[in-house]
Structure formats: structure tokens, C-alpha cells
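A short write-up of the structure that comes next.
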Amino acid sequence: MKIFIITHKKFKLLTKDMDLYQPMLVGAALGNKGEKNYIKDDTGDNISLKNGSYCELTGVYWIWKNSTEDIVGIDHYRRYFVKKRRKLCQKYLTSRAIKKSLNKYDIILPEREEGIYNYQKAKDFFIVNHGKETWDKTREIIQRLYPKYIKDFDWFSSQTTGYCYNMMICDKKLFDDYCSWVFSILAELEANTDLSKYDEYNKRMYGFVSERLINVWVHNKGLKVKEYPVYFDDGRNLIEKVKDKVKNTK
């Protein structure tokens with residue numbers, strides 16, 4: 001079992017469980033630098049050069065093509081699965097907790113939050129932030145390549161919350177199944193998209209699209225999902241957090 005922590009730079013690892021957690025540097029082929037113990041996404045079968053538009057998905061691709069673990073997962077250098085959402089000390093998932101969850105559930109995904117799409121429907125929120133053209137192209141590709149998924153895509157279109165961040169933990173065989181599906185869709189989308197029309201933020205388009213597609217795939221498969229909260233590390237140390245907490249309670 002291995003939880004890969006996706007990063008594009010050096011960072012302070014928040015957990016000391018190095019048997020479970022493995023930092024992975026993405027965009028290594030583009031010059032991103034990390035520590036010596038980081039796995040680099042430009043080794044083996046990889047798409048590291050596409051990191052500018054695929055974001056953390058270059059790491060996801062690497063895991064798909066190169067990892068031999070039985071169970072794999074994805075955290076980010078600032079986002080981690082935790083047992084409960086806390087303001088101070090966090091309890092990161094252990095291999096024991098993961099195994100226990102996967103004995104009852106098919107996959108671990110981030111807890112869905114109300115308002116994550118600004119209280120809009122998923123389709124409307126995406127169009128406002130990323131454009132209608134990409135949404136329509138994605139739907140057309142699914143209709144053409146995977147027609148059995150189109151009802152699930154349309155179902156998700158009207159949802160006001162969903163699984164975000166491209167984070168998951170599951171059996172490697174299930175992970176491979178998802179990757180085979182999602183990367184085939186993204187490859188077709190990439191072949192029919194002119195990223196030069198977009199600003200720097202939206203050139204990360206394929207990462208944004210995949211965040212939506214995980215919901216479509218899970219719904220179609222009817223997977224049993226265990227949701228865990230996601231802790232976002234804002235860079236403050238423990239003393240700073242305690243001071244802020246005391247200040248806010250006055």
C-alpha cells in the first residue's frame with residue numbers, strides 16, 4: 001500500500017509514516033525540483049511534459065503505469081485525507097484505517113462539501129469558471145466513446161456537490177480501471193482543444209475536467225464510497241494556529 005503525495009516543489013511532510021506516504025514530484029520534465037527521496041513523474045512510462053495542462057494527473061498517470069502496490073492513494077502536499085477535521089493536530093489516515101475502510105467500501109474519496117460549487121449546479125459552475133465549450137466537448141466524447149455513461153454525466157450535471165481534488169484511495173485494479181477510462185476521454189479532449197485560447201489558470205483544463213469525471217465514473221459503477229475529510233495545510237505552524245484560535249475565541 002502506498003499513498004502518493006503529489007507536489008510540484010519541495011515541501012514539509014506533515015506525517016512521519018514514510019512506509020505509507022511517498023512524495024511524488026510532478027512536472028519533473030519541466031524543471032520542477034524536489035528532494036532526493038521524491039519519486040519523479042518523468043521516469044518510466046510517463047506524461048510529465050504535460051504537467052502544465054494535466055496538473056496532478058501526470059502523477060496519477062505515473063502511478064497507473066508504474067506502481068505495483070496492491071492499494072494506492074493520492075494526497076497533495078497541502079491536502080491530506082484525515083480521520084476527522086480538526087483545527088489543530090491532525091490524525092492522518094493509517095494503513096490500518098485504510099484497510100478497515102476498504103474491507104467495507106470500494107473506494108475512499110474526499111468528503112463532499114455543500115457549497116463546493118458555490119451552491120450552483122456542477123454544470124453551471126464549470127461553465128462559469130472554465131467555459132461551455134469544454135463541457136459540451138466532454139459530453140460529446142463520452143456519448144461517443146462510452147454511451148453507457150451519458151446518463152451518469154447528465155446526472156452529475158445537476159448536482160450541487162461532488163468529489164473534488166483528484167484524491168482517492170482504492171485497490172490498484174480499480175484505480176487502473178478508472179485511469180484507463182478517464183485518460184482515454186482526456187486524450188480525445190486534448191486532441192480537440194486549443195489551449196492557447198485560455199488564460200494561465202484554465203490551461204490546467206484537463207485537471208479540472210477529471211475532477212468532475214471521477215463523480216461520473218463512481219456513479220456509473222455504483223461504488224460504495226467511504227468519505228473522509230480533507231485537511232488543507234495553509235503553511236502556518238502549530239504555535240501560529242494556537243494563537244489564531246485564542247484570538248478568535250476572545
When rounded to the nearest 0.5 Å, the distance separating CG of Leu109 from CD1 of Ile107 is 4.0 Å

Would you sort out whether Ser184 and Tyr146 count as a side-chain hydrogen bond (donor to acceptor under 3.5 Å, both in side chains), showing the intermediate values? CA-CA 10 Å; Ser184 66; Tyr146 301 101; 2.7 Å; yes

Would you call Tyr178 and Ile214 a side-chain contact if the rule is heavy atoms closer than 4.5 Å? yes

Does a side-chain N-to-carboxylate-O contact under 4.0 Å join Asp176 and Lys172? yes

Polar side-chain atom of Gln22 near backbone of Asn37 as donor-acceptor pair, under 3.5 Å: yes

Considering non-hydrogen atoms only, spot the tightest contact between Leu186 and Ser210 and give its length. CD1-CB, 4.3 Å

Let's go through Phe153 and His219 carefully: what are the C-alpha distance in whole Å and the side-chain angles of both, what is the deciding distance for side-chain contact (heavy atoms from CB on, under 4.5 Å) to 0.1 Å, and is it a yes or a no? CA-CA 9 Å; Phe153 185 88; His219 189 262; over 6 Å; no

What residues form a side-chain contact (heavy atoms from CB on, under 4.5 Å) with Ser101, not counting sequence neighbours? Ile108, Lys226, Tyr228

Cluster check Leu14, Ile6: I/L/V/M/F/W/Y, side chain < 4.5 angstrom: yes

Backbone N/O of Lys173 and side chain of Asp177: donor-acceptor pair under 3.5 Å: no

Electrostatic pair Glu140:Lys137 at N-O distance under 4.0 angstrom: no

Looking only at atom types and distance, does a side-chain atom of Glu69 sit under 3.5 Å from a main-chain N or O of Met1, one as donor and one as acceptor? yes

So, the side chain of Asp106 versus the backbone of Leu223: is there a donor-acceptor pair under 3.5 Å, distance only? no

Would you find more than 12 non-hydrogen atoms of other residues, nucleotides or ligands less than 6.0 Å from Lys40 atom NZ? no

Going from CD1 on Ile63 to OG1 on Thr58, what distance comes out if it is rounded to the nearest 0.5 angstrom? 9.5 Å

Yes or no on side-chain contact (heavy atoms from CB on, under 4.5 Å) for Asn66 and Thr43, after CA distance, side-chain angles and deciding distance? CA-CA 9 Å; Asn66 300 285; Thr43 60; 5.8 Å; no

To the nearest 0.5 angstrom, please state how far the CG atom of Asp75 sits from the CG atom of Leu13. 10.0 Å

Check the pair Trp62, Ser48 against side-chain hydrogen bond (donor to acceptor under 3.5 Å, both in side chains), reporting the backbone distance first and the verdict last. CA-CA 8 Å; Trp62 189 96; Ser48 181; over 6 Å; no

Do the two ring centres, one from His76 and one from Phe232, sit under 6.0 Å apart? no

Taking the side chain as C-beta and beyond, is there a heavy-atom pair between Leu57 and Val60 under 4.5 Å? yes

Can we call the ring centroids of Tyr92 and Tyr80 under 6.0 Å apart? yes

Go through Glu56 and Asn166 one step at a time and tell me if the side-chain hydrogen bond (donor to acceptor under 3.5 Å, both in side chains) criterion holds. CA-CA 8 Å; Glu56 64 271 1; Asn166 284 320; 2.6 Å; yes

Test side-chain contact (heavy atoms from CB on, under 4.5 Å) applied to Ile98 and Ile3, step by step: CA-CA 10 Å; Ile98 291 169; Ile3 307 301; 3.9 Å; yes

Looking only at atom types and distance, does a side-chain atom of Asp124 sit under 3.5 Å from a main-chain N or O of Gln120, one as donor and one as acceptor? no

Do Trp64 and Phe183 make the cut of ring centroids closer than 6.0 angstrom? yes

Tell me whether the centres of the aromatic rings in Trp181 and Tyr149 are closer together than 6.0 Å. yes

Would you say the side chain of Met205 lies within less than 4.5 Å of the side chain of Thr193, judging by non-hydrogen atoms? no

Please find the pair of heavy atoms, one from Val218 and one from Tyr163, that lie closest to each other, and give the distance. CG1-CE1, 4.5 Å

Test Val26 against Thr7 for side-chain contact (heavy atoms from CB on, under 4.5 Å), laying out the working first. CA-CA 6 Å; Val26 295; Thr7 185; over 6 Å; no

Run the ring-centre check on Phe11 versus Tyr38 and record whether the distance is less than 6.0 Å. yes

When you measure from the side chain of Asn202 to the backbone N and O of Asn129, does any donor-acceptor pair fall under 3.5 Å? yes

Kindly compute the distance separating SG (Cys164) from CZ (Arg79), expressed to the nearest 0.5 Å. 9.0 Å

Would the distance check show the side chain of Lys91 and the main-chain N or O of Val82 forming a donor-acceptor pair, the cut-off being under 3.5 Å? no

Among the clusters formed by ILVMFWY side chains lying less than 4.5 Å apart, do Trp217 and Trp155 turn up in the same one? yes

Mind checking whether Leu20 and Val72 sit in one hydrophobic cluster, side chains of I, L, V, M, F, W, Y counted as touching below 4.5 Å? yes

Ring-ring centroid check His130 Trp135, cutoff 6.0 Å: no

Quick one: does any side-chain atom of Thr134 pair with a main-chain N or O of Gly131 as donor and acceptor, under 3.5 Å? no

Nearest 0.5 Å, please: how far is NZ in Lys65 from CD1 in Ile47? 10.0 Å

CG/Asp194: more than 12 non-hydrogen atoms of other groups inside 6.0 Å: yes

All heavy atoms of Lys83 vs all of Ala97, minimum pair found to be CE-CB, 4.0 Å

For the backbone of Glu113 and the side chain of Thr161, can you confirm whether one donor and one acceptor N or O come within less than 3.5 Å of each other? yes

What are the two closest non-hydrogen atoms of Leu195 and Ser53, and how far apart are they? CD1-CB, 3.6 Å

Give me the ring orientation class for Phe125 and Tyr117: parallel if the planes are under 30° apart, tilted from 30 to 60°, perpendicular past 60°. tilted

Check whether more than 12 heavy atoms from other residues, nucleotides or ligands sit under 6.0 Å from atom NZ of Lys197, and answer yes or no. yes

Taking only Lys NZ, Arg NE, NH1 and NH2, and the carboxylate oxygens of Asp or Glu, determine whether Asp154 and Arg139 approach each other closer than 4.0 Å. yes

Which distance, rounded to the nearest 0.5 Å, do you find between the NZ of Lys123 and the CD of Gln159? 14.0 Å

Taking Asp41 for its side chain and Gly27 for its backbone only, find out whether a donor-acceptor pair lies under 3.5 Å. yes

